[in-house]
Amino acid sequence: MTTSPHVTCIGGAVVDRSYRIGGPVVLGSSNAATGATSFGGVARNVAENLSRLGTRAALVSVVGDDVPGRALLDDLDRLGVDRWAVRPLAGQTTATSAAVRGPDGELVVGASDLRAFDEITPDRVAEPLSRVDPGAWVFADATLPSSTQTRLATARRTRGFRLAVDTVATSKAPRLPADLGAIDVLFTNVEEARALLADRGRALPAGPDGTVDPDAVVHALLATGVRAVVLTLGPAGQVVGQPDVLVRTPVVPASVVDTNGVGDALVGATLADLVRGVPLVDAVRSGAAAAALTTETASSVNPALSPALVASRRVVPEGVG
Ligand SMILES: Nc1ncnc2c1ncn2[C@@H]1O[C@H](COP(=O)(O)OP(=O)(O)O)[C@@H](O)[C@H]1O
Ligand SMILES: O=c1[nH]cc([C@@H]2O[C@H](COP(=O)(O)O)[C@@H](O)[C@H]2O)c(=O)[nH]1
């Protein structure tokens, strides 16, 4: 009998606070604003997407023993995410991120306290990893300390689970393990891929005008040993690369409100299909549908997300099954 959840998500859990100032912004002063709180962090967002799509998910993360941390844990319970491995640490502050926007929605200033992520140490992931069945999926975001990423790569080799990783940000991409061949699917964008490859001493071939061909980015990533790549191109869709296969999958048209969390929705819905045995290219079509649905809400995960809603928005080109 298996006790392993279908996807174990390891990485950040954040309380996001956003303010939108209604009138002209006055710096150095208090401005009247509309405020909202939501739960974020890439691994937490992926776990929420999975759960809303009917896939069992567990989160491995750290929060403080404080009011935001308790609210985040309660919300995981409401979502049905298995959170036994989210450690509330005494003396630690739950990761928080605040964004202040002007009347036009543009960011005026942001501030994030993500120190808690440093506490997701190799020792803290050891037990959750020991419970993952061979063949099950683990998702990790690149906010994890490098030492933890290395532990993950080693465990992937010895235990035979499958590992999906998201590079998250250009500053985080270089943290990926030296053994990139332990990554079964890498989710990234062009700038994060550039940062990762530069860190490994590999420059991206650019055209005369400095632009980069996305297919060349995918080839360069596959040459590092990564087993499959999903390169996201924002409104230009995705390139899915596997040895011998390179396929462009289209963006799903959307009425965009806010793109926060789009990448995490793409990862979550893709993994929800992969655990059911759907081939990667087809799974990414579901990922793009979930990402489009996420752009249509202000929250980082669309609260109405469901398998039926994703299926209703999937774009499959004519002639493709
Ligand atoms: N304007 C948009 N309309 C519809 N889907 C979008 C839009 N922008 C992004 N997406 C979807 O979200 C995915 C991730 O977007 P991207 O901006 O590449 O990610 P990240 O924010 O992680 O860099 C894209 O591959 C696409 O499917
Ligand atoms: O260094 C980080 N930046 C941003 C995030 C999180 O990333 C999410 C947005 O993801 P996306 O890139 O899909 O918009 C937000 O919820 C935010 O909390 C994070 O965990 N770590």
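Just so you know, ligand 1 is whichever comes first in the structure, and atom 1 is the first atom listed for that ligand. Since the model is a prediction, treat every value here as computed from it, not as a measurement.
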- Could you check if a side-chain atom of V310 sits within less than 4.5 angstrom of a side-chain atom of L305, using non-hydrogen atoms only? yes
- Around atom 2 (C) of ligand 2, find the nearest protein heavy atom and jot down its residue, atom name and distance. K172 NZ, 3.8 Å
- No-hydrogen, no-angle side-chain donor-acceptor test under 3.5 Å, Q238 and T232: no
- the protein heavy atom lying closest to atom 11 (P) of ligand 2 turns out to be G261 N, 3.6 Å
- heavy-atom search around atom 10 (O) of ligand 2 in the protein gives D264 OD2, 3.0 Å
- Task: Scan side-chain atoms only and decide if T121 and D123 contain a donor-acceptor pair under the 3.5 Å cut-off.
- Result: no
- Query: Any N or O on E192 sitting closer than 3.5 Å to an N or O of ligand 1?
  - Reply: no
- Look only at interatomic distance and state if T259 has a nitrogen or oxygen under 3.5 Å from any nitrogen or oxygen of ligand 1. no
- Message: As a check for students: among T249, V252, N260, identify the option with a heavy atom nearest to atom 4 (C) of ligand 1.
- Response: V252
- Do any nitrogen or oxygen atoms of G40 come within less than 3.5 Å of a nitrogen or oxygen of ligand 2? no
- Should D82 and R56 count as an ion pair when the cut-off is N to O under 4.0 Å? no
- Over all atoms of both residues, closest heavy-atom pair of G12 and T143: N-OG1, 3.7 Å
- Message: Heavy-atom pairs closer than 4.0 Å: do any link ligand 2 to the side chain of D141, the backbone, both, or neither?
- Response: neither
- Message: Quick test: of every protein heavy atom, which one is nearest to atom 7 (O) of ligand 2, and how far off is it to 0.1 Å?
- Response: V42 CG2, 3.6 Å
- Note on the structure: for atom 21 (N) of ligand 2, nearest protein heavy atom and its distance come out as T143 CG2, 3.5 Å
- Min N/O separation T295 to ligand 1 under 3.5 Å: no
- Presence of salt bridge, R314 and D282, under 4.0 angstrom: yes
- Query: Going by heavy atoms in the side chains, are V86 and L76 under 4.5 Å from each other?
  - Reply: yes
- Message: Closer than 4.0 angstrom, basic N to acidic O: yes or no for R124 and E119?
- Response: yes
- Item | G234 N/O under 3.5 Å from ligand 1 N/O | yes
- Message: So, regarding D16 and ligand 2 (criterion: nitrogen or oxygen to nitrogen or oxygen, under 3.5 Å), is there a contact or not?
- Response: yes
- Just need the protein heavy atom nearest to atom 9 (C) of ligand 2, so name the residue and atom and give the distance. N260 OD1, 3.2 Å
- Does a donor on one side chain sit under 3.5 Å from an acceptor on the other, for D273 and S286? yes
- Item | Ligand-side contact atoms (ligand 2) for residue partner G263, heavy atom cut-off under 4.0 Å | 13 (O)
- Mark whether atom 15 (C) of ligand 2 lies under 4.0 angstrom from at least one protein heavy atom. yes
- Query: atom 20 (O) of ligand 2: which of S97, G41, S38 has the nearest heavy atom?
  - Reply: G41
- Query: Within a reach of under 6.0 Å around CG of D244, are more than 12 heavy atoms found that belong to other residues, nucleotides or ligands?
  - Reply: no
- Note on the structure: Looking only at protein heavy atoms, what sits closest to atom 3 (N) of ligand 2 is V168 CG1, 4.4 Å
